[in-house]
Amino acid sequence: MSSATLENHSEKKAFLVKSSSLKEVRTFCRDVFEKLKIEQSLKDELVLAIAEAAQNIVKHAYKDNQDSNDIMVVKISCEDNKLQIAFYDMGTPVDPKKVKHREIDNIKPGGLGTFFIQEIMDAVEFKDGKRKPWINHLVLTKQL
Amino acid sequence: MSYKISEEGNITTVHLDGEIDMDVVEKAKEVIFPHIDSGKEVHLNLSQVQYMDSSGISVLIESHQKALEKNTKVIIKDVSKSVLKVIMMAKLEQILNLE
């Protein structure tokens with residue numbers, strides 16, 4: 001948690017749902033966190049959490065539709081030192097009960113992205129209520 | 001991601017450069033795995049890798065496990081501070097061979 005008071009700020013950007021967009025997602029996040037003057041170590045963690053969530057959309061919500069030209073939207077908001085990152089996509093509906101990371105002591109490739117997100121963020125929530133045209137609406141929050 | 005390979009005796013060193021994410025993970029495997037499969041000791045130099053996500057970590061785990069199967073080893077060298085943090089978050093610093 002940071003003791004500095006950050007300016008309220010909100011920014012969003014759309015990206016093609018492709019693995020090649022992940023670099024752009026990270027660049028967008030770094031630019032926003034630069035404006036918010038978030039210190040480097042925390043910035044790195046937040047960028048990782050956001051990139052992992054975006055990767056999950058590409059990898060899981062579009063698992064059977066990898067040639068799609070759909071977009072996903074990432075919205076970063078900071079209000080009263082509370083950071084909220086929202087993700088919107090039109091992929092396969094996510095069942096929040098099935099979203100879990102592997103046991104961390106079970107050493108094998110895969111299943112770490114969700115673990116990283118949960119380690120870094122305070123809360124991870126799939127919102128109910130569809131806002132057309134979006135199917136999935138994930139919100140990550142962290143008190144700064 | 002770019003890479004450079006150097007060989008000395010039975011040791012192949014793969015120098016990776018850039019950001020390792022889902023988009024380049026197959027390329028990273030194509031670069032690293034054949035050397036492990038040939039039974040060589042592989043050194044992965046990560047000094048120029050400034051970002052690695054869970055996909056990149058999976059390549060490190062897979063490389064380590066593949067090396068065990070082939071009775072050789074993969075040593076991760078000169079890991080950057082930012083990547084080390086991710087390795088530690090995954091609680092792998094005692095599992096992978098870090099130097």
Side-chain angles (χ1 to χ4, degrees), chain A residues 15-31 33 38-63 66 72 99-121 124, chain B residues 1-2 16-33 36-37 44 46 48-70 73-74 76 79-98:
Chain A
F15 305 89
L16 279 174
V17 185
K18 305 273 182 203
S19 64
S20 56
S21 299
L22 296 174
K23 195 178 179 77
E24 292 170 45
V25 170
R26 297 195 295 273
T27 301
F28 166 66
C29 298
R30 286 173 184 137
D31 288 348
F33 295 146
I38 292 176
E39 54 98 8
Q40 189 64 46
S41 174
L42 178 58
K43 189 160 70 177
D44 288 346
E45 288 186 9
L46 294 170
V47 169
L48 178 64
I50 295 169
E52 293 289 358
Q55 182 183 158
N56 281 347
I57 294 172
V58 177
K59 202 187 265 185
H60 301 298
Y62 280 81
K63 185 181 175 184
Q66 292 185 352
M72 57 184 168
V99 178
K100 54 185 175 189
H101 61 79
R102 68 161 163 79
E103 291 297 319
I104 198 66
D105 293 330
N106 178 13
I107 309 297
K108 61 178 185 182
L112 277 172
T114 302
F115 175 75
F116 288 160
I117 295 168
Q118 290 175 345
E119 280 289 291
I120 294 164
M121 306 305 295
V124 179
Chain B
M1 181 198 82
S2 60
L16 296 174
D17 194 331
E19 301 193 324
I20 315 287
D21 66 4
M22 180 191 178
D23 195 40
V24 300
V25 86
E26 289 307 316
K27 184 179 171 188
K29 288 179 184 178
E30 281 171 22
V31 170
I32 299 166
F33 288 178
I36 303 172
D37 286 335
L44 295 179
L46 301 184
Q48 299 305 310
V49 176
Q50 299 308 322
Y51 175 86
M52 184 175 278
D53 68 6
S54 61
S55 298
I57 296 293
S58 289
V59 175
L60 300 185
I61 295 172
E62 237 176 300
S63 298
H64 176 75
Q65 292 178 334
K66 200 177 253 296
L68 291 177
E69 284 168 19
K70 297 284 175 184
K73 59 182 171 184
V74 170
I76 297 165
V79 60
S80 63
K81 197 174 155 188
S82 51
V83 173
L84 180 61
K85 195 170 165 185
V86 182
I87 289 173
M88 292 178 78
M89 203 185 295
K91 301 182 175 25
L92 291 169
E93 70 275 20
Q94 302 296 328
I95 307 290
L96 303 173
N97 297 314
L98 298 176

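A quick note: this is a predicted structure, and the numbers were derived from the prediction, not measured.
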Can you list the steps and then say if A/R26 with B/D21 is a side-chain contact (heavy atoms from CB on, under 4.5 Å)?
CA-CA 11 Å; A/R26 297 195 295 273; B/D21 66 4; 2.8 Å; yes
Could you report the tightest heavy-atom contact between B/D37 and B/K70, atom names first, then the distance?
OD1-CE, 3.6 Å
Tell me every residue that passes side chain to side chain donor-acceptor pair (under 3.5 Å) with B/D17, counting only those two or more places apart in sequence or in another chain.
none
Under a 4.5 Å heavy-atom cut-off, does chain A meet the side chain of B/V24, its backbone, both or neither?
neither
Using heavy-atom distances under 4.5 Å, tell me whether A/S41 contacts chain B through its side chain, its backbone, both, or neither.
both
Considering heavy atoms only, which positions within residues 52-63 of chain B lie below 4.5 Å of chain A?
B/M52, B/D53, B/S54, B/S55, B/I57, B/S58, B/I61, B/E62
Nearest non-hydrogen partners of B/K73 and B/A67, listed with the distance
CA-CB, 3.8 Å
Which bit of B/K81 is near chain A, if near means a heavy-atom gap under 4.5 Å: side chain, backbone, both or neither?
neither
Correct closest heavy-atom pair for A/F116 and B/M89 would be CD2-SD, 3.6 Å
Which residues satisfy the side chain to side chain donor-acceptor pair (under 3.5 Å) test with A/Q40, sequence neighbours excluded?
A/D44
Selection residues 49-59 of chain A - residue pairs positive for salt bridge (charged side-chain N to carboxylate O under 4.0 Å, His left out), sequence neighbours left out
none
